[in-house]
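As structure tokens, the structure follows; a few thoughts come after it.
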Amino acid sequence: MNPELNDTDYRRLAALVYAKSGIYLHDGKRNLVRSRLGKRLRALGVKDYEAYYNYLKTKDDGTELVKMLDAITTNQTAFFRERHHFDFMEKALFPKMESASEDKIRIRIWSAGCSTGEEPYSIAISILEFFLKDERLDAKILATDISSKVLENARAGVYSADRLREMPVTTQRRYFQKGFGKQEGFFKVKENVRQMVVFRNHSLMNRINFGRGLDAIFCRNVMIYFDKRTQNNLVRIFYEYLKPGGYLFVGHSESLAGVTHSFEYVKPSIYLKS
Ligand SMILES: C[S@@+](CC[C@H](N)C(=O)[O-])C[C@H]1O[C@@H](n2cnc3c(N)ncnc32)[C@H](O)[C@@H]1O
């Protein structure tokens, strides 16, 4: 049984989470936080949330902070989630890049809040499907997340069969290695796909230098956890990071309504830097 989480402790913990991740924990999340952090209290052997907060502030070398954020974040994801985004890239983004390029087809995409890797690997697979074995292809996906736990799984690139069940068998065969023996029931992302994706631990509260700019940013089902101020800041930064002609994809429940931005609306959850 978890101890009570009183107003003061909840507010202090919520403020810490907000400062580090931008995740806004309103009062309705109190039970969820109590239960998720309750596990951390037990793991550390501290008696209540006040002691836990004090531990984070005075004794922690950063290890517990990572574990707290691992516990707080919601990491639900899927391969080819919101399929229409991948269809859109195949119809609107990739053909443009194919015809514009001469000796190299340079594609740079950021999966911001990539969770366990299904999103960036789906992007990589879409690129490979479209460009087949075009030798001019130079595609890289930067996949970032604040949670170190999900990144470990993402880097391993091993998924249970049920995670792939919606994927056509031909795609499974082309891009995954079926496990045998002890690995029965698991599939590993093939090397040519893995090579296209670079995983990095990164909080969206910090900046990245993208040099020549990005062709697309996927930041889906992440901003729902942020307040309007953080969303405004992020969307402005996303605009800066994209090249003209680049797209921002957000989750279907996260339109930019109410957010101040310079993007051109293309269709629900798809925005263009024109
Ligand atoms: C619900 S998952 C979405 C995964 C994927 N984008 C999708 O749509 O399927 C949200 C992810 O955002 C990450 N996240 C939350 N706050 C973050 C932050 N401030 N910086 C980076 N990642 C963050 C979480 O750790 C989690 O893995």
Side-chain angles (χ1 to χ4, degrees), residues 13-26 29 32-33 36-37 40 62 65-89 109-126 141-157 159 162-164 166-167 189 197-208 210 214 216-238 241 247-256 268-271:
L13 286 165
L16 185 59
V17 170
Y18 183 74
K20 298 293 173 190
S21 71
I23 296 172
Y24 175 64
L25 296 168
H26 55 77
K29 297 268 184 185
L32 184 97
V33 171
R36 288 186 177 182
L37 293 189
R40 297 305 317 145
L65 183 69
V66 169
K67 290 192 172 146
M68 177 182 75
L69 293 172
D70 278 347
I72 290 293
T73 51
T74 298
N75 312 114
Q76 201 193 334
T77 186
F79 282 105
F80 294 98
R81 183 180 198 182
E82 302 192 34
R83 176 82 239 185
H84 66 108
H85 287 157
F86 300 92
D87 296 340
F88 181 85
M89 283 202 298
I109 296 180
W110 182 22
S111 166
C114 64
S115 190
T116 37
E118 287 86 336
E119 181 178 274
Y121 288 135
S122 301
I123 299 170
I125 291 171
S126 299
I141 297 134
L142 176 70
T144 61
D145 204 284
I146 198 173
S147 160
S148 51
K149 199 168 71 188
V150 295
L151 286 171
E152 236 174 78
N153 296 333
R155 286 195 183 101
Y159 300 92
D162 64 304
R163 308 288 299 157
L164 274 70
E166 309 257 321
M167 202 184 283
V189 180
V197 186
V198 177
F199 289 102
R200 229 165 86 183
N201 197 304
H202 170 261
S203 168
L204 285 165
M205 298 306 103
N206 302 327
R207 308 274 299 219
I208 302 185
F210 279 112
L214 296 165
I217 297 174
F218 280 66
C219 187
R220 309 183 310 161
N221 310 297
V222 182
M223 285 194 286
I224 27 168
Y225 303 108
F226 301 159
D227 63 4
K228 271 280 166 295
R229 200 177 116 219
T230 309
Q231 291 178 358
N232 272 320
N233 281 339
L234 265 183
V235 170
R236 189 173 37 78
I237 290 167
F238 289 160
Y241 286 163
Y247 290 97
L248 169 66
F249 298 94
V250 300
H252 72 274
S253 55
E254 315 170 286
S255 83
L256 300 190
S269 69
I270 305 180
Y271 298 86

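Remember, it's 1-based here, ligands and their atoms both numbered in the order they're listed. Residue numbers start at 1 and run along the sequence shown.
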Notebook entry, point to check: For R81 and ligand 1, does the shortest N/O to N/O distance drop below 3.5 Å?
Noted result: yes

Next item on the list: Could you tell me whether ligand 1 has any atom less than 4.0 Å away from a heavy atom of G251?
Entry: no

Next item on the list: Give the intermediate values and the outcome of side-chain contact (heavy atoms from CB on, under 4.5 Å) for residues C114 and L151.
Entry: CA-CA 8 Å; C114 64; L151 286 171; 3.8 Å; yes

Next item on the list: Would you check the N or O atoms of G113, main chain and side chain alike, for any that come under 3.5 Å of an N or O of ligand 1?
Entry: yes

Notebook entry, point to check: Considering only heavy atoms of S115, which atoms of ligand 1 have at least one such atom less than 4.0 Å away?
Noted result: 4 (C), 27 (O)

Check: What's the verdict on side-chain contact (heavy atoms from CB on, under 4.5 Å) for T230 and Y18, showing C-alpha distance, side-chain angles and the deciding distance?
Finding: CA-CA 10 Å; T230 309; Y18 183 74; 3.2 Å; yes

Notebook entry, point to check: Between D70, I23, D145, which one has a non-hydrogen atom sitting closest to atom 11 (C) of ligand 1?
Noted result: D145

Margin query: If the test is side chain to side chain contact (heavy atoms under 4.5 Å, CB included), which one of H85, R81, R220 qualifies with E119?
Written below: R220

Check: Does F218 come within less than 4.0 Å of ligand 1, judged by its heavy atoms?
Finding: no

Note to self: At under 4.0 Å between heavy atoms, is it the side chain or the backbone of Q76 that contacts ligand 1, or both, or neither?
What the structure shows: backbone

Margin query: I'd like to know if H202 contacts ligand 1, where contact means a heavy-atom distance under 4.0 Å to any ligand atom.
Written below: yes

Notebook entry, point to check: To the nearest 0.1 Å, how far is atom 2 (S) of ligand 1 from its closest protein heavy atom, and which atom is that?
Noted result: T74 O, 3.3 Å

Item checked: Output field: ring centroids F79/Y159 closer than 6.0 Å -> yes

Note to self: I want to know if ligand 1 touches T77 in the polar sense, i.e. an N/O pair below 3.5 angstrom.
What the structure shows: yes

Check: Short N/O distance, under 3.5 Å, between A112 and ligand 1?
Finding: no

Note to self: Which heavy atom of A112 sits nearest to which heavy atom of L204, and what is that distance?
What the structure shows: CB-CD2, 3.9 Å

Note to self: Using a 3.5 Å cut-off on N or O atoms only, is S147 in polar contact with ligand 1?
What the structure shows: no

Notebook entry, point to check: Are there more than 12 heavy atoms of other residues, nucleotides or ligands under 6.0 Å from atom NE2 of H84?
Noted result: yes

Check: Which residue supplies the protein heavy atom nearest to atom 23 (C) of ligand 1, what is that atom called, and how far is it?
Finding: I146 CG2, 3.6 Å

Margin query: Heavy-atom pairs closer than 4.0 Å: do any link ligand 1 to the side chain of F226, the backbone, both, or neither?
Written below: side chain

Check: Nearest non-hydrogen atom to atom 20 (N) of ligand 1 belongs to which of L204, T116, V17, L69?
Finding: L204

Item checked: Side-chain donor/acceptor of S122 to backbone N/O of F80, under 3.5 Å -> yes

Checklist line | Within-cut-off N or O pair, K20 and ligand 1, under 3.5 Å | finding: no

Notebook entry, point to check: Where's the contact between T73 and ligand 1, heavy-atom distance under 4.0 Å: side chain, backbone, both or neither?
Noted result: side chain

Checklist line | Shortest protein heavy-atom distance from atom 12 (O) of ligand 1, along with the residue and atom involved | finding: V222 CG2, 3.6 Å

Next item on the list: Could you give me the CA-CA distance, side-chain angles and deciding distance for N75 and T116, then say whether side-chain contact (heavy atoms from CB on, under 4.5 Å) is met?
Entry: CA-CA 7 Å; N75 312 114; T116 37; 5.6 Å; no

Notebook entry, point to check: Under the ring pair (Phe, Tyr, Trp, His ring centres under 6.0 Å) criterion, do F88 and Y271 qualify, and how do the steps go?
Noted result: CA-CA 11 Å; F88 181 85; Y271 298 86; over 10 Å; no

Notebook entry, point to check: Atoms of ligand 1 less than 4.0 Å from N221 heavy atoms?
Noted result: 1 (C), 2 (S), 3 (C), 7 (C), 8 (O), 10 (C)

Next item on the list: Show which atoms of ligand 1 fall inside a sub-4.0 Å distance from at least one heavy-atom site of S203.
Entry: 19 (N), 20 (N)

Note to self: Checking a contact table here: which protein heavy atom is nearest atom 19 (N) of ligand 1, and how many Å away?
What the structure shows: S21 O, 2.5 Å

Notebook entry, point to check: Can you check side-chain hydrogen bond (donor to acceptor under 3.5 Å, both in side chains) on D70 and S148, steps first, answer last?
Noted result: CA-CA 7 Å; D70 278 347; S148 51; 3.3 Å; yes

Check: For F226 and N233, what are the C-alpha separation, side-chain angles and deciding distance, and is it a side-chain contact (heavy atoms from CB on, under 4.5 Å)?
Finding: CA-CA 11 Å; F226 301 159; N233 281 339; over 6 Å; no

Note to self: Given F218, which partner from the list W110, Y247, F86 fulfils the ring-ring contact (aromatic ring centres under 6.0 Å, His included) test?
What the structure shows: F86

Margin query: Does atom CZ (F210) have a neighbourhood of more than 12 heavy atoms from anything else shown, all under 6.0 Å?
Written below: yes

Note to self: So if I count the atoms of ligand 1 from 1 in the order they appear, which ones are less than 4.0 Å from some heavy atom of E119?
What the structure shows: 5 (C), 6 (N), 7 (C), 8 (O)

